[in-house]
Engineer: 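First the structure, then my questions, so here it is.
This structure is a prediction, so every number in the text was calculated from the model and none was measured. Lettering follows sequence order; numbering is per chain, from 1.
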There are 2 protein chains.
Amino acid sequence: MRLPLYQRALRQLSADGIPTVSSAELADAAGVNAAKVRKDLSHLGTYGTPGTGYDVNFLLSQIRHELGLDREWTVAIIGMGNLGHALAHSDRFSNQNFRNVGLFDVDPAKIGEEVDGLPIRHMSEFEQSVAGFDPSRSIGVIACPAAAAQDACDRLVGVGIGAILNFAPAILTVAPPVLLRQVDFVVELQALAFYIVHPEAVTGPEEGPQPGL
Amino acid sequence: MRLPLYQRALRQLSADGIPTVSSAELADAAGVNAAKVRKDLSHLGTYGTPGTGYDVNFLLSQIRHELGLDREWTVAIIGMGNLGHALAHSDRFSNQNFRNVGLFDVDPAKIGEEVDGLPIRHMSEFEQSVAGFDPSRSIGVIACPAAAAQDACDRLVGVGIGAILNFAPAILTVAPPVLLRQVDFVVELQALAFYIVHPEAVTGPEEGPQPGL
DNA sequence: CATTGTGAACGCCTTCACAGCC
DNA sequence: GGCTGTGAAGGCGTTCACAATG
């Protein structure tokens, strides 16, 4: 889905005070092509004006609504190593209606440490911590070692989490309708290595391999 | 490309001492379906035995060759915040023929700190640091703030880097033939939020949204 | 007999091209 | 004149189904 990319590009344009964009300009800012932009946006509704383009702020609010960003999403992070800290401490969450509501680890040395005012708790407290929010409108982030990933996944599913974003290098299985998305650094590096070794396999005329995202 | 996933699954099977796998078993371990596995592997060559399956170790070595993992790849990381540390400190690199050769930042407080025996250097030393290795067989990892990402990207391209893996929330432009791959936490979260709001848009019968990877 | 390799069918996404509109 | 929305065409990856095979 490319809506998040459009959303980010539109945010920048809005911050710059630009009132309207053409599909070509938006395509450029989002790193795709103009035909794709028009086709995508036409699925949302008829929001453009021929000869002028799209109203930046209006389109932005429509896309944010479509992505569900006009409601707050809660996020729980399991595994507070460097990666967990990078995710939790980042200001990206608060800027986009994603709010951290739980940080968990099993290392006694980390328990109690505060990250942006939220304390790291032990995994044994995980299940009782869901009392404060609706798990079906929450996303669980797995940032623990691979060996603990499936267990973390099962416990997230067990409390009725809406979706899981897994950064551990492990293939996880979940029971539908829980959504699962995998992000793996090594897989990305290996994919790049493959395309360097096989330049003829690169599909796009210029931008490089972006089959995902 | 799914080869990295097969590679990981085969590694596990090999470590467990399992001699052969069928396409169905490998598909299960990699999180895809059997028809895809057979089609993918048939593109590499005729490595399977009807009635038996694939020889784990032989197939593994073939895939590692195809991914270029029988040669060493060097990695430079720009931006040594929590994310950069997570990437650099991880043992994932050394296990898979990816070796860190450069860690860079602009924060004086970080310069000189050692991560797994490799010191963090100032970005002003970046260009001269490429003397020790072949940049065209190297991958640059951008883990700095978005505002500095395009500059980091330009300097990586400037020294002739083979590919760039960008974790900063910014759309980067590179001159071909440099390969670029973007990974963005917020985009992943927003994609999951979208699918929670629009369950009917989930394509796969069960596994959830995995268009990328 | 279990399992591979593959042609054929299918469906989805992308791209093109242009009519319609401001 | 510039730009959108969209039908039509094209291309690519997935899935099916089965002949071939050890």
Side-chain angles (χ1 to χ4, degrees), chain A residues 1-3 5-6 9-10 13 18-56 58-59 62-63 66 191 194-195 198 200-213, chain B residues 1-6 10 13 18-56 58-59 62-63 66 191 194-195 198 200-213:
Chain A
M1 221 356 146
R2 290 175 290 263
L3 289 181
L5 298 173
Y6 302 150
L10 288 166
L13 292 168
I18 296 172
T20 61
V21 274
S22 67
S23 61
E25 290 164 340
L26 182 54
D28 209 46
V32 300
N33 72 46
K36 237 178 283 198
V37 169
R38 290 204 301 278
K39 187 68 89 178
D40 289 341
L41 297 185
S42 74
H43 286 313
L44 305 181
T46 302
Y47 298 146
T49 306
T52 307
Y54 301 89
D55 181 285
V56 169
F58 178 71
L59 182 57
Q62 292 299 322
I63 289 181
E66 202 71 21
F194 174 84
Y195 284 112
H198 302 274
E200 76 282 2
V202 177
T203 55
E206 56 160 64
E207 60 189 296
Q210 290 274 28
L213 278 192
Chain B
M1 222 355 150
R2 290 174 290 262
L3 289 181
L5 298 172
Y6 302 150
L10 288 166
L13 292 168
I18 296 171
T20 60
V21 273
S22 68
S23 60
E25 291 163 338
L26 182 53
D28 208 47
V32 300
N33 73 45
K36 238 178 282 198
V37 170
R38 290 204 301 278
K39 187 70 89 177
D40 289 340
L41 297 186
S42 74
H43 286 313
L44 305 182
T46 302
Y47 298 146
T49 306
T52 307
Y54 301 87
D55 181 285
V56 169
F58 178 71
L59 183 57
Q62 292 298 323
I63 289 181
E66 202 71 21
F194 174 84
Y195 285 113
H198 302 274
E200 76 282 0
V202 178
T203 56
E206 55 162 62
E207 59 189 296
Q210 291 274 29
L213 279 191

Engineer: For nucleotides 17-22 of chain C, give me one character per nucleotide, 5' to 3': B if any protein heavy atom sits under 4.0 Å from the base, S if the only such contacts are to the sugar-phosphate, - if neither.
Structural biologist: B--BBS
Engineer: Would you check if B:Y54 and B:R38 make a side-chain contact, meaning some heavy-atom pair closer than 4.5 Å?
Structural biologist: yes
Engineer: Any side-chain heavy atom of B:I63 sitting closer than 4.5 Å to one from B:L41?
Structural biologist: yes
Engineer: When rounded to the nearest 0.5 angstrom, what distance separates NE2 in B:H43 from CG in B:L3?
Structural biologist: 10.5 Å
Engineer: What is the distance, to the nearest angstrom, from the CG atom on A:L26 to the C1' atom on D:dT4?
Structural biologist: 13 Å
Engineer: Which heavy atom in A:A191 sits nearest to a heavy atom in B:P4, and how many Å separate them?
Structural biologist: N-CG, 4.3 Å
Engineer: Would you say C:dG5 has OP1 or OP2 under 4.0 Å from some side-chain N or O of B:Y54?
Structural biologist: yes
Engineer: If I take atom CG from residue A:L59 and atom CD from residue A:E66, how far apart are they, to the nearest 0.5 angstrom?
Structural biologist: 11.0 Å
Engineer: Distance check needed: D:dT4 C1' versus A:H43 NE2, whole Å only.
Structural biologist: 14 Å
Engineer: Would A:D40 and A:V37 count as a side chain to side chain contact (heavy atoms under 4.5 Å, CB included) here? Give the steps.
Structural biologist: CA-CA 5 Å; A:D40 289 341; A:V37 169; 5.9 Å; no
Engineer: Take atom CG of B:L41 and atom P of C:dT3, then tell me their distance rounded to the nearest Å.
Structural biologist: 15 Å
Engineer: If you look at every heavy atom in B:T20 and B:E25, which pair is closest and at what distance?
Structural biologist: O-OE1, 4.2 Å
Engineer: If we only count heavy atoms from C-beta on, is the B:V32 to B:Y6 side-chain gap below 4.5 Å?
Structural biologist: yes
Engineer: Mark up nucleotides 9-14 of chain D, 5' to 3', with B wherever a protein heavy atom is under 4.0 angstrom from a base atom, S wherever such an atom reaches only the sugar-phosphate, and - elsewhere.
Structural biologist: -----S
